[in-house]
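Atoms considered below: every heavy atom in the structure, side chains included; atoms not considered: hydrogens, waters and symmetry mates. Start at 1 and go down the list; that is how both ligands and their atoms are numbered. Nothing fancy with the numbering, it's 1 onward along the sequence.
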Amino acid sequence: MTATPERFSCGALRADAIGRTAELFGWINRRRDHGGLIFIDLRDREGVTQIVFNPEHPSFPMAEKLRSEDVVRVVGAVRARPEGTENAKLATGAVEVGIEQLEVLNRSEVPPFQVNAEDDVDESLRLEYRYLDLRRPRMQRNIRLRHRIVKAFRDYFDERDFVEIETPMFIKSTPEGARDYLVPSRMNPGTFYALPQSPQLLKQICMISGFGRYMQIARCMRDEDLRADRQPEFTQLDVELSFVTQEEVMQMMEGAVAHAWRNVLGIDLSAFPRLTHAEALRRFGSDKPDMRFGLELVDASARFVTSEFVVFRGALDAGGAVLALRYPGGASLSRRDFDALTESAKLFGAKGMVWIALGADGVKSSAQRFLDDATVEALRADTGAERGDAVLLFADARESVSSIAGKMRLEIGERCGLRDPAKFSFCWVTEFPYLEMDEESGKPVPAHHPFSAPMPGQWDLIDSDPLAMRAQHYDMVLNGFELGSGSIRIHDVELQKRIFTMLGMSEEEIEDRFGFFVRALRYGAPPHGGMALGIDRIVMLACGEENLRQVIAFPKNQVGRDVMMDAPSPVPERLLRDLYLRSVAPSAESAR
Ligand code: ASP
């Protein structure tokens, strides 16, 4: 052997490398013994290359002992695969490497699941052996796409003179909606830092500090009950600008996303449609509408004002509404199918559902007696339904019926294959109500946070009708997921205090929780605004994945545990003592 080997990745070799001597490092993806030869698929992050061992070669006995996930270095001649054995599915499928040197760099125990197969492996096992799971091509692709999206964001903001400023992880506890994670201070007995739920106040203080344009890929922690699409810690693209209008912030953020989509996914996005919060609820029954498809909610109340159908009349007389939805192709559903659909609606809170099937052989309905031809025709025209479709009707108080119909719209979209993960439909939702009712406490709380400015000219509503107040608050939505929120902030200290007071905070409490911020506002705070977008969610949707754990290298499981490291875990008594803490076993009461 004379040629000096050239180093290649396992995904690099093509026909034009034939005749060269290649050096490759990687993991044994698969070993096959075939007609006296040994074939090895060698894998690294770039791909897979076939290595061939002849029985005469001195490394043959060593190759016979290679097992999945052993780590090797090989050197060999790149040659064309024999005719008929090329693999068009593999980027390197035209060539193979004839072994010249084999060096075993490390051995692997038998992995608890097959790394080389994309088959379904129990997720708890994947998370426990995350390092093996991450070796799989799908996870490699996701994590690398994540890197590229984050880099695209950084580049975009850098080109526009934003400064990335790292805000601290140990901050003051000023809990809002969610609970803070607390860190006891050993040096200041009895006191605690909080981990940031978001760098909100610090980024506003960066504006008061005169930086003008701030961004950060920020880690945030919220001690909330976990849901399928939530992690206790997450990453957001956090942005703040001075001397801006809402329009300018929205343009900037839309530009950032368009930049990432173009540069990372090769997709040109058109301008994001905009809806006010009220319009989103009216048309889609949701403040995060999935705009990949139409099938909008239709207010059919007017069709039933004189109806004898007590359920509808009852809802209307009580000030509620009747909403109609088109179900394309729904006429082919059996009665039993409609019953099942009604059960889904009930899960969403519906008291019932009326269906009308516009079949080729006539109209059938669960409320046939109460529907005359004229009403059916009117409903058909209102919803744009055609022969072969069904129309579904729901009645209730306005807010509930809109939310129920909104969820049923998604259900129909799903059934009709209209929620294609490869399609990206962004939109903006604006003019959010300033306050919303907190279900637990029954008290009004800010829909966003108490630092957002009300819509121009609405300050007076604070005293007269706070629930009618709207905020300069905007959400970016993609395919029915909220990607993030932003707002124009309050920069006037007196107005900020009025909001705190409206929320029921005493002077003392304001000073105790937000004294530092209120003081900062007194020293020439510029008008400012910003936004934060959830990176995990953006990457999840960009990857076409359905759960956040698929795009986070080391996520927590559904109950907030890291099962690879086994965290959280108990700590020795001594460590607690140093922190002036004692662990109290949860009582039956608090565990509930
Ligand atoms: N800090 C807010 C959040 O984390 C976003 C913002 O207002 O910029 O939701």
Side-chain angles (χ1 to χ4, degrees), residues 153 157 162 164-169 171-181 194-208 211-224 229-242 244-254 256-257 277 287-288 428-436 445-455 470-478 481-491 496 499 513-514 517 521 525-538 548:
F153 285 146
F157 287 104
F162 282 72
E164 178 155 15
I165 301 175
E166 289 170 78
T167 51
M169 283 305 214
I171 63 172
K172 182 180 172 65
S173 177
T174 59
E176 292 299 317
R179 217 173 249 140
D180 281 334
Y181 278 101
L195 300 178
Q197 295 192 24
S198 111
Q200 183 63 30
L201 292 178
L202 288 155
K203 72 172 169 176
Q204 290 192 235
I205 288 176
C206 285
M207 295 304 101
I208 301 175
F211 283 102
R213 291 184 159 204
Y214 146 98
M215 67 83 65
Q216 184 181 193
I217 303 296
R219 304 301 297 278
C220 305
M221 292 89 186
R222 294 182 192 173
D223 189 2
E224 290 176 295
D229 62 345
R230 244 190 215 155
Q231 286 278 315
E233 53 178 310
F234 58 94
T235 309
Q236 67 186 24
L237 165 64
D238 201 40
V239 175
E240 197 74 11
L241 302 86
S242 292
V244 278
T245 58
Q246 167 170 330
E247 180 59 33
E248 285 163 327
V249 182
M250 288 167 68
Q251 290 286 351
M252 187 63 79
M253 298 308 290
E254 185 169 327
V257 170
H277 182 264
D287 60 5
K288 37 181 193 292
W428 286 104
V429 179
T430 61
E431 295 184 34
F432 273 71
Y434 201 101
L435 296 171
E436 63 185 19
V445 293
H448 189 203
H449 50 54
F451 316 107
S452 301
M455 294 286 288
R470 312 239 144 216
Q472 294 186 59
H473 159 191
Y474 31 89
D475 271 12
M476 191 190 283
V477 175
L478 168 56
F481 287 90
E482 180 205 317
L483 294 185
S485 302
S487 64
I488 294 300
R489 324 298 185 187
I490 299 165
H491 63 277
Q496 182 63 74
I499 293 283
R513 286 172 66 187
F514 299 113
F517 180 62
L521 284 176
H528 60 287
M531 180 157 200
L533 294 178
I535 298 277
D536 307 294
R537 224 174 242 185
I538 290 181
L548 293 171

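- Only the side chain of Gln236 comes within 4.0 Å of ligand 1, counting heavy atoms alone; its backbone N, CA, C and O stay farther away.
- Close approach to Ser485 involves these atoms of ligand 1, each under 4.0 Å from a residue heavy atom: 5 (C), 6 (C), 7 (O), 8 (O).
- Taking OG1 of Thr430 as the start and CE of Met250 as the end, the distance is 6.0 Å to the nearest 0.5 Å.
- Distances from ligand 1 to the non-hydrogen atoms of Gln197 include no value under 4.0 Å.
- Arg470 places no side-chain N or O within 3.5 Å of a backbone atom of Met455 that could act as its donor or acceptor partner.
- Among all non-hydrogen protein atoms, the one lying nearest atom 2 (C) of ligand 1 is Gln200 OE1, 3.4 Å.
- For Arg222, the heavy-atom gap to ligand 1 drops under 4.0 angstrom.
- Partner Leu241 forms a side-chain contact (heavy atoms from CB on, under 4.5 Å) with one of His528, Met215, Met252 and no other, that one being Met252.
- For ligand 1 and Lys203, the ligand atoms under 4.0 Å from any heavy atom of the residue are 6 (C), 8 (O).
- The nearest protein atom to atom 7 (O) of ligand 1, hydrogens excluded, is given as Arg489 NH1, 2.8 Å; this is a heavy-atom distance.
- Residue contact annotation: His473 has no non-hydrogen atom under 4.0 Å from ligand 1.
- Rounded to the nearest 0.5 angstrom, Leu548 CG and Asp536 CG are separated by 6.0 Å.
- Heavy-atom distances between His448 and ligand 1 reach below 4.0 Å in at least one pair.
- To the nearest 0.5 Å, the span separating CD1 on Ile488 from OG on Ser452 amounts to 9.5 Å.
- Using a distance-only test at 3.5 Å, with no hydrogens or angles considered, a donor-acceptor pair links the side chain of Tyr474 to the main chain of Ser487.
- For ligand 1, the atoms lying closer than 4.0 Å to a non-hydrogen atom of Ser198 are 1 (N), 4 (O).
- Under a 3.5 Å cut-off, the side chain of Gln197 and the backbone N or O of Tyr181 do not form any donor-acceptor pair.
- No donor-acceptor pair under 3.5 Å is formed between the side chain of Glu431 and the backbone N or O of His277.
- The contact set between ligand 1 and Met531, taken as ligand atoms under 4.0 Å from a residue heavy atom, comprises 8 (O).
- For ligand 1, the polar-atom distance check finds an N/O of His449 within less than 3.5 Å of one of the ligand's N/O atoms.
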